[in-house]
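I have placed the structure first, in the form of structure tokens, so that the comments after it can refer back to it.
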Number of protein chains: 2
Amino acid sequence: MAAGREEIVDAAFRLFATRGYDATAVDDIATGAGISRSTFFRSFGSKEAVIFPDHDTLLGRVSERLRTSHANSALSAVVDAVKIVLFHYVAEGDRARERYRLTSAVPALRERELVSGARYQQLFRRHLSQWGDGSDDSELRAEVSAAAVVAAHNRVLRRWLRGECTDPHEEIERALAVVQHTFVHEAVDGPAALVVVPEGVSMRMVEAALRQVVEGALVADSPPSRRRRGSSGDRVTPSSQ
Amino acid sequence: MAAGREEIVDAAFRLFATRGYDATAVDDIATGAGISRSTFFRSFGSKEAVIFPDHDTLLGRVSERLRTSHANSALSAVVDAVKIVLFHYVAEGDRARERYRLTSAVPALRERELVSGARYQQLFRRHLSQWGDGSDDSELRAEVSAAAVVAAHNRVLRRWLRGECTDPHEEIERALAVVQHTFVHEAVDGPAALVVVPEGVSMRMVEAALRQVVEGALVADSPPSRRRRGSSGDRVTPSSQ
DNA sequence: CACCCAATGAAACTAAGTTTCATGCGGGAC
DNA sequence: GTCCCGCATGAAACTTAGTTTCATTGGGTG
């Protein structure tokens, strides 16, 4: 028979869908794919791994993206990299949704998925940590923002998997923008002020006022480049629609 | 013999410390504690569970604290509740550090710990979600801030476990204050602007300028109370010490 | 053809976790 | 005291994931 990885995965998903995950033994998958038990374990290492067959390559791609990123801030690179993950799942289509059904039903698989997510989070944390100044605050920020990025990703992904999401591109951009906006003030050196203006006062007025009164203070849409001397700025649009 | 839970846990930790986790079979633990294999599984369900014997009660205590919290915001309640977890581990002392040594060395245990953390995170997310308005943005914020709180907790806990932390009380307060500060502006309704002023321009000058030019715009030190009408504000001091 | 090496299969083995049943023990009820 | 009941324990068989070891095969190369 000599089935490739794809055929084995297909056979496994077919069996899981019909008999259920727990009721399907590895022997069943093996015979279903026309291979031996030995070959299965050689190819996947565990029964759970067949559900997440390309996790390692995906992790590698994300890691590579982080390494070669030309983003103007560490957080931007992370935010950029996490989209690879989301779009990978979106591209999988029904297979991803079938996996979601399984992970929702089988605690062991849900935990496995959690562990996968933590791997990304660790990658992100390390990246952010590397670009920080090594201070306690910097490390804390790295950890918290890595968690935030992953959480935002998870939310959009889950919505898409549940079919609650029409345009995952737009949603992930928006969700990550919120995260990025929430944490950008951490990437700049100078004092920052978050001000809330009353209704009727447009953001444009605030910008103009600031520009007029405080020379050199900038209010811009683009995120500040890394480690600037405190002369860059960023506007934050609040949560509400 | 008829050993209680405590004795069994003690025996298990003793064996894990000497022989290592993988090299210790459940039979060894059972005989070490003077009980039978059956009784062990009846008491703990799995070999891994003996490492985290009071996870369920701790989760229950945290859940209870959330339910009965009188904090003035959902996030405050969560921030409050997560301290229970930290201080529980701190109170455990050497036992917690021994566990840390094990989870650091044994991947399976690290994953288990991860899953435990995710349980808290889910609890927090649900609590925050409950207090939100149900909008997509609100749900996203709930998920992201729950992740942020857990991440901050994890960092302080890990530092304490490694002995890098002299005063866990102070560190957790500080770390959670950062998180709370980072996310409070999400609790206000009006448009917000995050501005970064150049060096040499004091925050006081910015405040004065804003107050002068934009009538009604406030820049204050105290975080705004929940669901204000957009006339409150919050200053964010940036990362650097 | 002879050789080699890499992939496969077969089978034994370990250990976790489940299930089933037997046993014993304490505490009433009479 | 004795009978009985419930409950915790123990014993042992069983299932299955995952490992290890060894034999086989088959395809490419000199």
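Every heavy atom of this structure was used, including side-chain atoms; hydrogens, water molecules and symmetry mates were not. Lettering follows sequence order; numbering is per chain, from 1.
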Exercise for review: Indicate, with yes or no, if the rings of A:F124 and A:H153 have centres closer together than 6.0 Å.
Suggested key: no
Review point. Charged N to carboxylate O under 4.0 angstrom, B:R95 versus B:E98?
Key: no
Check your understanding: Any side-chain heavy atom of B:S145 sitting closer than 4.5 Å to one from B:V179?
Key -> no
Review point. Is the gap between the ring centers of A:H169 and A:F87 under 6.0 Å?
Key: yes
Check your understanding: Near DNA chain C, under 4.0 Å by heavy atom, which residues of residues 19-28 of chain B?
Key -> B:T24, B:A25, B:V26
Point to revise | Sub-4.5 Å side-chain heavy-atom contact between A:E48 and A:Y21 | key: yes
Check your understanding: Under 6.0 Å from the CZ atom of A:R119, do we count more than 12 heavy atoms belonging to anything else shown?
Key -> no
Practice item. Mind calculating the distance between CD1 (A:I35) and P (D:dT24) to the nearest angstrom? Key: 22 Å
Review point. Any chance CD of A:E170 has more than 12 other-residue heavy atoms, nucleotides or ligands included, within less than 6.0 Å?
Key: no
Check your understanding: For residues A:D133 and A:S135, is any side-chain donor paired with an opposing acceptor at under 3.5 Å?
Key -> yes
Point to revise | Strand-adjacent residues in residues 37-49 of chain A, judged by heavy atoms under 4.0 Å from DNA chain D | key: A:R37, A:F41, A:G45, A:S46, A:K47
